[in-house]
Amino acid sequence: MKNEEKNARAEISPAADITAAPALKTAALTKRFRGFCLDGVSLTLPRGCTLGLIGENGAGKTTFIKTVLGIINADGGTVKLFGRDTKDDFELTKQDVGVVLDTVGLPGGINARQFGSILKDSYKNWDGELFCSYLERFSLPPKKKYSAYSRGMKMKLGIAAALSHDAKLLILDEATSGLDPVARDEVTDILFDFTKDGERSVLISSHIVSDLEKVCDYIAFLHGGRLLLSDEKDRLLERFATLHCDDKTLASLPEGCVISKRRTDYGVTALVERRLLPAGCEVSACSVEDIFVGMIKGERKEISN
Amino acid sequence: MKTKGLVKNHICVAFTTCRAFFLIVLVWAAVLVSSELSSSIAVFIGLFCGVVSISVFSVSDSSGFIVYALTLPYSRRQIVSAQYIFSFLTALSAFAIVFASMMARGAVSGELSLETAAVGASVSFLAALLPSVIALPFIMRLGPEKGRLAYIVVVGGISALAATSFTITPEDLPLTSRIIGAVSSNAFLLSAAVAAGACVLLLISYFAAAALFSGRDM
């Protein structure tokens with residue numbers, strides 16, 4: 001390879017390196033239940049990035065993750081991890097995937113030490129010393145029975161296990177919901193460190209949007225089994241804004257500009273698309289949570305109309 | 001062994017949640033050695049060992065471990081394999097316990113008989129495997145609660161069938177009667193036939209469970 005090519009390649013972040021297969025790619029992933037349908041979700045998580053999957057309760061986040069992992073059989077669509085279809089020797093691919101679901105299912109009589117021993121025989125790259133160091137860091141007694149752990153301790157044990165086998169992809173489903181703010185902050189730091197090398201990726205689902213906003217590069221909104229939006233976090237924050245105005249100004253805005261609105265004592269607060277705003281409109285920055293809530297409210301209004 | 005981690009989990013669960021059954025098995029073994037009761041009580045040792053297997057699988061399923069195992073580097077077939085390997089190991093334990101107990105009984109009574117011990121151990125082996133053979137396909141497909149109900153229905157059906165089979169006489173099945181007669185006359189052949197039959201049933205049950213589990217949404 002010529003020197004100029006090498007230098008150019010070194011400057012490109014792994015996340016933008018299009019020759020590397022994405023950590024996760026779903027195409028029209030579908031699962032039908034009575035009363036709910038995960039409807040053709042197509043999502044890509046590039047390598048070296050963190051994708052936050054946001055949705056209200058019952059949006060389909062857990063169904064999506066379980067379908068990706070094969071815990072639920074999909075009715076349609078494909079799932080590829082690191083470019084490999086999950087229908088082909090998925091157990092080999094799972095060596096590189098660490099998973100923490102909303103509940104860590106372990107028999108109550110087992111303790112952390114026995115759990116480590118079980119995982120040592122499951123993963124080729126299991127690092128027992130690293131696992132013990134995480135037990136210490138999270139203050140988890142290794143000989144205490146799993147049934148005696150609190151919800152937060154159970155979650156931390158699951159996280160410790162997921163981080164101790166050199167996983168290339170971490171999938172967390174509501175993993176921080178049961179944790180106190182200090183522990184959530186600690187997990188956020190761990191996730192930052194996890195993706196620092198630019199090769200490892202994280203898919204994290206939560207309805208605590210503030211946690212995701214800190215750590216995610218990409219955000220995807222799931223609502224009623226459908227993917228409303230999926231984009232880079234920074235691009236989303238540039239695309240949408242909060243407008244404080246009166247009814248007259250609101251009425252004068254072009255169609256499609258206002259995603260949702262809320263009346264306050266001082267007028268109207270609206271979530272708007274910046275590019276559709278007339279020149280001269282003063283807006284303020286919004287958070288991912290604002291965008292999420294605004295889009296859901298906008299969706300509900302459409303459904304009710 | 002690719003399923004070593006899962007089998008290890010089952011063994012850990014057995015030792016943490018089924019201690020009472022181990023105690024019962026040891027008590028029955030002691031009764032078998034020291035009492036004058038018929039050696040057919042050896043079958044109860046097998047049955048209790050079989051109950052240990054089913055209890056372990058129920059605990060694993062209801063605790064959510066099977067769902068967790070699906071996130072580990074195991075295929076669905078390997079998850080099923082681990083359960084059948086564990087069943088086989090408990091049945092082997094039953095075989096060993098009964099064989100040792102019956103040899104000890106023979107030594108105590110002065111009527112040591114390798115044939116009797118072999119037959120008793122192989123029947124116990126079959127008894128230990130039967131609960132898993134019948135119940136596991138249902139549990140893997142329906143979960144522990146519905147699986148248990150289905151198991152009860154099937155056992156009820158088999159019992160009703162067995163009751164009607166008492167009306168069949170050897171003259172109705174001459175070839176079968178001759179084979180059974182030839183095998184029964186040789187205790188070691190009988191033991192081997194019983195053990196082999198149990199293994200065949202286990203294999204059939206395994207393939208059924210693997211097929212049923214592949215379609216289950218957890």
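The chains referred to below are lettered A, B, ... by the order of the sequence lines, with proteins before strands, and numbering in each begins at 1.
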- Select, from A:T103, A:L106, A:V104, the one with the greatest count of heavy-atom pairs under 4.5 Å involving chain B.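 Among the listed options, the one with the most contacts to chain B is A:L106.
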- Query: So which of A:L69, A:I72, A:N73 has the largest heavy-atom pair count under 4.5 angstrom toward chain B?
  - Reply: A:N73
- Query: Can you tell me if CZ on B:F188 sees more than 12 non-hydrogen neighbours from other groups inside 6.0 Å?
  - Reply: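 Count over threshold, so yes.
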- Pi-cation contact, B:Y74 with B:K2 (under 6.0 Å, within 45°): no
- Checking A:K31 against A:F33: charged group under 6.0 Å from the ring centre and within 45 degrees of the axis?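 Flagged: A:K31 positioned over aromatic ring of A:F33.
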Between [X] and chain B, which part of the residue has a heavy atom less than 4.5 Å away: side chain, backbone, both or neither?
{"X": "A:F115", "result": "side chain"}
{"X": "A:Q114", "result": "side chain"}
{"X": "A:L101", "result": "side chain"}
{"X": "A:K120", "result": "neither"}
{"X": "A:L119", "result": "side chain"}
{"X": "A:K124", "result": "neither"}
{"X": "A:S147", "result": "neither"}
{"X": "A:A161", "result": "side chain"}

- Query: In terms of heavy-atom pairs under 4.5 Å with chain A, which of B:L72, B:V59, B:V13, B:T16 leads?
  - Reply: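 Top option by heavy-atom pairs under 4.5 Å: B:L72.
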- Message: Heavy-atom pairs under 4.5 Å with chain A: which of B:P73, B:G215, B:S214 has the most?
- Response: B:P73
- Query: Should the pair B:F65 and B:Y68 be assigned to parallel (<30°), tilted (30 to 60°) or perpendicular (>60°) ring geometry?
  - Reply: tilted
With distance as the sole test, does [X] use its side chain to make a donor-acceptor pair with the main-chain N or O of [Y] at under 3.5 Å?
{"X": "A:S42", "Y": "A:A28", "value": "yes"}
{"X": "B:Y84", "Y": "B:S205", "value": "yes"}
{"X": "B:S124", "Y": "B:A121", "value": "no"}

- Is any side-chain N of the basic residue among A:K87 and A:D89 closer than 4.0 Å to the acidic one's carboxylate O?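 Salt bridge between A:K87 and A:D89, a charged N being under 4.0 Å from a carboxylate O: no.
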- Exercise: identify the closest heavy-atom pair between B:V43 and B:V123: CG2-CG1, 4.0 Å
- Item | Heavy-atom proximity to chain A below 4.5 Å, by part of B:R76 |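 Just the side chain, heavy atoms under 4.5 Å.
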